[in-house]
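Here the structure is a predicted model, which means the values were calculated and not measured. The analysis underlying the following values was restricted to heavy atoms, covering all of them including side chains, and did not include hydrogens, waters or symmetry mates. For reference, positions follow the sequence shown, starting with 1.
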Amino acid sequence: YKVRVAEICESASLNSIFQESAVIKTRFVVPPEKYFHSPSTDVTALPRQLLLAWSVSCRYHNSSTDHMWIERSGEHCDPQTWNRTAAQVGQVGDETTGTVQFIGGRVLLIEPPWGFFQKGCTFDIVLNERMVQTEEQPSKFSPWTGWNFSYINERPSLEYLQAIDVMEAESATMRIKWSFAANF
């Protein structure tokens, strides 16, 4: 962009000449937004890692106060919270500490400690605002971001039922086939 300015007076003879500015370079940087996350629905298989993709290239905001956490809850769950500060993002952990790291600047890979995901639980994932910031300058910070899913117990379905021997009102012998092995 260039700007042209002149001072205009009531008397045209007093008007200034137009002055033109140098080229003004304007750069619009959009804040990072959640592009997609996984899992995005309830799951029946053990999730080992979570993914969050950002709309623009980002890096973590190196702060000890901005952080993310996963809260495990549910009626038949041992409630627990696993968290990481932004300063811990990128530090590769192991199966006892977990890991949060960026892949390619847009994908955040979240791997809680082994055993954190339990069947029958709901998981709330939260990334505080300012957890990440854009690579482009002037840098913009991420908004509060969150999602949830449940690791559900898939119940077997009945495939086959046959009465073999009905003895009395109190007892009967049946042959039953379930869709997969189940303990009752």
**Study point:** All salt bridge (charged side-chain N to carboxylate O under 4.0 Å, His left out) counterparts of Glu71, not counting sequence neighbours
**Key:** none
Check your understanding: Which residue pairs pass the salt bridge (Lys or Arg N to Asp or Glu O under 4.0 Å) test with at least one member in residues 118-128, sequence neighbours excluded?
Key -> none
Exercise for review: Look at the side-chain heavy atoms of Ile, Leu, Val, Met, Phe, Trp and Tyr, link any pair under 4.5 Å apart, and say whether Val107 and Leu127 land in one connected group.
Suggested key: no
Anything under 3.5 Å between a donor and an acceptor, one on a side chain of residues 37-48, the other on a protein residue two or more places apart or in another chain? List them.
residue, atom, partner, partner atom, Å
Asp42, OD1, Ser150, N, 2.9
Arg48, NH1, Pro112, O, 3.1

Practice item. Compare every heavy atom of Lys140 with every heavy atom of Val29, then report the nearest pair and how far apart it is. Key: O-CE, 3.3 Å
**Study point:** Minimal non-hydrogen separation, Ile110 against Trp147, with atom names
**Key:** CD1-CH2, 4.4 Å
Point to revise | Nearest-0.5 Å distance that lies between atom OG in Ser142 and atom NZ in Lys34 | key: 12.0 Å
Let me check something: any side-chain donor-acceptor pairs from residues 10-20 under 3.5 Å, sequence neighbours excluded? List them with distances.
residue, atom, partner, partner atom, Å
Ser11, OG, Ser13, OG, 3.0
Asn15, OD1, Cys9, N, 2.6
Ser16, OG, Glu7, N, 2.7
Glu20, OE2, Lys2, NZ, 3.3

Practice item. State, yes or no, whether a side-chain contact exists between Thr122 and Phe149 at a heavy-atom distance under 4.5 Å. Key: no
**Study point:** Ile125 with Phe116, same ILVMFWY side-chain cluster at under 4.5 Å
**Key:** yes
Practice item. Could you tell me which residues satisfy salt bridge (charged side-chain N to carboxylate O under 4.0 Å, His left out) with Glu136, sequence neighbours excluded, listed by chain and number? Key: Arg27
Revision key, fill the gap. Applying side chain to side chain contact (heavy atoms under 4.5 Å, CB included) to Thr97 and not counting sequence neighbours gives Arg84, Asp94
Revision key, fill the gap. Nearest heavy-atom approach of Leu52 to Trp54 is CD2-CZ2, 3.5 Å
Review point. So, the side chain of Ser139 versus the backbone of Thr134: is there a donor-acceptor pair under 3.5 Å, distance only?
Key: yes
Practice item. For the residue pair Asn128 and Trp144, establish whether any side-chain heavy-atom pair is separated by less than 4.5 Å. Key: yes
Point to revise | Test item: Leu108 and Leu51 side chains (from C-beta on) under 4.5 Å apart, heavy atoms | key: no
Point to revise | Gap between atom CE of Met131 and atom NE2 of His67 - 0.5 Å precision | key: 9.0 Å
Point to revise | Glu33 backbone acceptor or donor facing Ser55 side chain under 3.5 Å | key: yes
Practice item. Any chance you could pull the hydrophobic cluster mates of Phe36, using side-chain heavy atoms under 4.5 angstrom and chaining through other members? Key: Tyr35
Study note, to complete from the structure: Residues at least two apart in sequence or cross-chain that pass side chain to side chain donor-acceptor pair (under 3.5 Å) with Gln80, listed by chain then number, are Arg72
**Study point:** Within the 6.0 Å centroid threshold, strictly below: Phe117 and Tyr151
**Key:** no
Review point. Would a distance-only check, ignoring hydrogens and angles, find a side-chain to backbone donor-acceptor pair under 3.5 Å from Ser57 to Glu135?
Key: no
Study note, to complete from the structure: Sorted by chain and number, sequence neighbours left out, ring pair (Phe, Tyr, Trp, His ring centres under 6.0 Å) with Phe141 holds for His61
Review point. Should Val100 and Trp82 count as side-chain neighbours, where that means a heavy-atom distance under 4.5 Å?
Key: yes
Practice item. Take Val126 and Asn83 through the test side chain to side chain contact (heavy atoms under 4.5 Å, CB included) and record every step on the way to the result. Key: CA-CA 9 Å; Val126 175; Asn83 61 42; over 6 Å; no
**Study point:** Connected-component partners of Val56 among ILVMFWY, side-chain separation under 4.5 Å
**Key:** Val30
Check your understanding: So which pairs with a foot in residues 102-116 pass side-chain hydrogen bond (donor to acceptor under 3.5 Å, both in side chains), sequence neighbours left out?
Key -> none
